[in-house]
Undergrad: 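Please see the structure below; I have some questions.
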2 protein chains.
Amino acid sequence: MYSQRKLKMNTSKKLQDIKVAVDAVVFGYFDKEDLHILLIKRNIEPFKGGWALPGGLVLDDENLDDAVRRELHEEAGIKPDFLEQLYTFGNVGRDPRNRVVSVTYLGLVNPSYHQLSADSDADDAQWFSVNKLPDLAFDHKEIIDTALKRLRTKIQYQPIGFNLLNEEFPFSDLENLYKTIIGQEIDRRNFRKKIMSYGLLNETQNVKKEGSGRPGKLFTFNQEKYKELEEEGFYFEIK
Amino acid sequence: MYSQRKLKMNTSKKLQDIKVAVDAVVFGYFDKEDLHILLIKRNIEPFKGGWALPGGLVLDDENLDDAVRRELHEEAGIKPDFLEQLYTFGNVGRDPRNRVVSVTYLGLVNPSYHQLSADSDADDAQWFSVNKLPDLAFDHKEIIDTALKRLRTKIQYQPIGFNLLNEEFPFSDLENLYKTIIGQEIDRRNFRKKIMSYGLLNETQNVKKEGSGRPGKLFTFNQEKYKELEEEGFYFEIK
DNA sequence: CCAAAAGTGTTAAGAGTACACCCATGC
DNA sequence: GCATGGGTGTACTCTTAACACTTTTGG
């Protein structure tokens with residue numbers, strides 16, 4: 001279409017036959033557990049009864065972002081707090097039926113604010129630990145691997161992790177979240193110093209009630225401050 | 001397609017009508033000049049006679065990467081040394097005719113090794129300074145902005161810039177390249193120390209002949225060494 | 001008073017940054 | 001010998017990394 005050759009192709013009846021889909025890798029974090037991913041049980045062939053990422057074909061008059069949000073809403077009743085494009089998978093043969101190019105997204109939600117499958121049109125939607133994933137349909141395993149890699153890189157220089165926590169959270173939740181995602185121990189003191197130095201946390205008057213030990217103060221994430229800093233070219237970095 | 005609703009949609013005659021294209025932002029660097037981008041003059045409507053990124057529709061049996069490489073070869077006679085997926089642009093209305101989702105790529109070539117338009121099917125292929133771009137077709141300006149942003153970020157932590165230089169280059173070429181891309185002065189001594197500390201450059205016995213002043217030693221980039229380091233989880237960083 | 005988690009500072013090492021003069025060549 | 005670009009070292013500052021004890025609460 002952008003050059004004569006393509007025009008010829010199009011007008012000579014041999015129309016392109018490729019479908020465009022979106023799929024989302026949505027991460028959820030359950031306090032002190034592994035990172036989880038949202039999967040949908042397929043109720044049609046191929047891979048009927050198997051697990052797959054939420055997603056589906058894009059409508060003709062719908063932007064890509066809107067398509068993912070719609071699918072997530074329909075299939076799992078979820079509206080992610082954070083959602084960004086991940087990568088586009090389009091190799092021949094990744095879907096056994098048609099050629100399908102899938103634009104994938106990385107999303108984050110706090111599962112405690114989202115009841116799964118409220119009014120879903122899918123058989124079943126469920127959270128799976130990234131360490132105990134079932135066999136997956138299509139090339140969805142590869143998509144998840146890509147998403148995990150991206151998440152691990154990204155969380156080290158952008159404070160996206162806050163979307164996975166409750167609105168008010170004790171500092172230790174943030175600590176555990178980072179430990180979980182990065183997959184290694186972090187120095188509590190240095191981590192706290194660093195995070196605090198950015199001034200992105202507001203201290204509340206509340207304290208954590210549950211659990212044993214000394215109750216921790218609860219914090220909220222200062223979204224406005226973050227946007228301010230971001231515009232000034234600020235660069236968050238965690239190791 | 002991944003859920004019943006979509007299946008119904010497909011079988012009820014209302015088939016999806018979206019085209020899949022690829023477009024490439026290929027950067028070339030001419031010694032001591034601005035960074036350049038490869039553009040193609042369109043010879044069909046819309047935007048006939050205007051400038052656009054090289055690209056076109058993906059063939060049914062062709063992987064996305066192959067499609068970009070094919071288009072670049074056809075339209076400009078170029079085979080980029082570096083090519084990676086950038087972002088997928090798919091908003092409704094970005095092409096005035098059909099709905100087109102474009103998977104875009106970022107490429108780097110050394111123009112001195114590539115003659116433009118050798119056996120091209122496009123009207124014309126030309127290098128434009130990123131600072132003197134013509135009006136562009138579709139949303140291609142936005143795509144270029146995204147690519148520039150990505151290049152500027154990426155070059156600071158991955159030595160992709162070497163693809164823009166000759167096989168043997170004086171150190172000053174590298175210096176100028178970084179200055180050009182990042183768009184600011186760099187400290188010559190510190191930059192050299194840093195680059196050298198990674199051990200990625202091999203010194204050759206040759207020296208630069210042209211130009212005035214003291215001739216500089218020529219270096220080559222050690223690709224194997226880079227891959228080695230990359231596997232060990234090495235992280236290149238330039239400021 | 002015991003267990004559990006929260007909260008807190010200091011020091012040493014390393015990395016980054018700023019900075020200016022001599023060298024080799026062509027004309 | 002002068003103009004041009006190449007090549008090099010040091011001192012200071014700032015950031016990162018390592019490290020352990022006290023506090024608050026519930027039971």
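Values below: all heavy atoms of this structure, side chains included; hydrogens, waters and symmetry mates excluded. Chain identifiers are assigned alphabetically (A, B, ...) following the order of the sequence lines, protein sequences preceding nucleic acid strands; residue numbering begins at 1 within each chain. These numbers were taken from a predicted model, which means no experiment stands behind them.
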Undergrad: Using side chain to side chain contact (heavy atoms under 4.5 Å, CB included) as the criterion, list what pairs up with B/D145, not counting sequence neighbours.
TA: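 Side chain to side chain contact (heavy atoms under 4.5 Å, CB included) check on B/D145 returns B/K141.
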
Undergrad: When the ring centroid of B/Y87 is compared with that of B/F89, is the distance short of 6.0 Å?
TA: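 Yes, they do, as the ring centres are separated by less than 6.0 Å.
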
Undergrad: Going by side-chain hydrogen bond (donor to acceptor under 3.5 Å, both in side chains), name the residues that satisfy it together with B/K179, two or more places apart in sequence or in a different chain.
TA: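 Partners of B/K179 by the side-chain hydrogen bond (donor to acceptor under 3.5 Å, both in side chains) criterion come out as none, since no residue qualifies.
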
Undergrad: For the rings on A/H36 and A/F128, is their centre-to-centre separation under 6.0 Å?
TA: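 No, the ring of A/H36 stays outside the 6.0 Å limit from the ring of A/F128, centre to centre.
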
Undergrad: From CD of A/E237 over to P of C/dA15, roughly how many Å is that when rounded to an integer?
TA: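 Those two atoms, CD and P, are 14 Å apart.
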
Undergrad: Sequence neighbours left out, what passes side-chain hydrogen bond (donor to acceptor under 3.5 Å, both in side chains) with A/R150? Give chain and number order.
TA: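 Residues passing side-chain hydrogen bond (donor to acceptor under 3.5 Å, both in side chains) with A/R150: A/E84.
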
Undergrad: In residues 199-207 of chain A, what residues come within less than 4.0 Å of DNA chain D, judged by heavy atoms?
TA: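 None, since no heavy atom is under 4.0 Å.
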
Undergrad: B/Y198: which residues meet the ring pair (Phe, Tyr, Trp, His ring centres under 6.0 Å) condition with it, sequence neighbours left out?
TA: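 By the ring pair (Phe, Tyr, Trp, His ring centres under 6.0 Å) rule, B/Y198 matches B/F234, B/F236.
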
Undergrad: Any donor-acceptor pair under 3.5 Å linking the side-chain atoms of B/D23 with those of B/T104?
TA: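 No pair is found: no donor N or O on one side chain lies under 3.5 Å from an acceptor on the other.
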
Undergrad: In terms of the nearest nucleotide of DNA chain C, which residue is placed more toward the 5' end: A/K208 or A/D187?
TA: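 Between the two, 5'-proximity favours A/K208.
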
Undergrad: Run the ring pair (Phe, Tyr, Trp, His ring centres under 6.0 Å) test against A/Y105 and tell me which residues pass, sequence neighbours left out.
TA: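 Not a single residue meets the ring pair (Phe, Tyr, Trp, His ring centres under 6.0 Å) criterion with A/Y105.
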
Undergrad: Could you give the NZ-to-P distance, from B/K193 to C/dG14, as a whole number of Å?
TA: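 Taking atom P of C/dG14 as the reference, NZ of B/K193 is at 16 Å.
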
Undergrad: Which residue pairs pass the salt bridge (charged side-chain N to carboxylate O under 4.0 Å, His left out) test when at least one of the two sits in residues 195-209 of chain A, sequence neighbours left out?
TA: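 Found A/E203-A/K217.
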
Undergrad: Rounding to an integer number of Å, can you tell me how far A/L218 CG sits from C/dA5 C1'?
TA: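 Rounded to whole Å, this separation is 14 Å.
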
Undergrad: How many whole angstroms separate atom CD1 of A/I195 from atom C1' of C/dG7?
TA: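 Taking atom C1' of C/dG7 as the reference, CD1 of A/I195 is at 16 Å.
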
Undergrad: Heavy atoms of chain B, cut-off under 4.0 Å: which first and last nucleotide of DNA chain D, 5' to 3', fall inside that, if you could look?
TA: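 Range of nucleotides touched by chain B: D/dT4 to D/dT10.
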
Undergrad: Rounding to a whole Å, what distance do you find between B/N190:CG and C/dA20:P?
TA: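 Interatomic distance, CG of B/N190 to P of C/dA20: 13 Å.
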
Undergrad: Going by atom types alone, do A/N166 and A/N110 pair a side-chain donor with an acceptor below 3.5 Å?
TA: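 Per modelled atom types, A/N166 and A/N110 side chains form a pair under 3.5 Å.
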
Undergrad: Go through the structure and list residues passing side-chain hydrogen bond (donor to acceptor under 3.5 Å, both in side chains) with B/N131, not counting sequence neighbours.
TA: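 Checked B/N131 against side-chain hydrogen bond (donor to acceptor under 3.5 Å, both in side chains); matches are B/D34.
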
Undergrad: To the nearest angstrom, how far is B/F191 atom CZ from C/dA18 atom P?
TA: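 In whole Å, C/dA18 P lies 16 Å from B/F191 CZ.
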
Undergrad: Generate the contact string for nucleotides 21-27 of chain C. Rules: B means base contact, S means sugar-phosphate contact only, - means no protein heavy atom under 4.0 Å.
TA: --BBB--

Undergrad: Tell me which residues in residues 162-184 of chain B put a heavy atom below 4.0 Å from DNA chain C, sorted by number, or none.
TA: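 Correct list: empty, so none.
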
Undergrad: Check side chain to side chain contact (heavy atoms under 4.5 Å, CB included) between B/R152 and all other residues, then give those that pass, not counting sequence neighbours.
TA: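 If we apply the side chain to side chain contact (heavy atoms under 4.5 Å, CB included) test to B/R152, skipping adjacent residues, the hits are B/L148, B/I181.
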
Undergrad: Would you check if the side chain of B/N91 reaches a backbone N or O of B/R94 as a donor-acceptor pair within less than 3.5 Å?
TA: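 Not at all, since once roles are kept as given, no pair shorter than 3.5 Å links the two residues.
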
Undergrad: Among C/dT8, C/dC19, C/dA18, which nucleotide has an atom closest to any side-chain atom of A/R189?
TA: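 So the nucleotide nearest the side chain must be C/dT8.
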
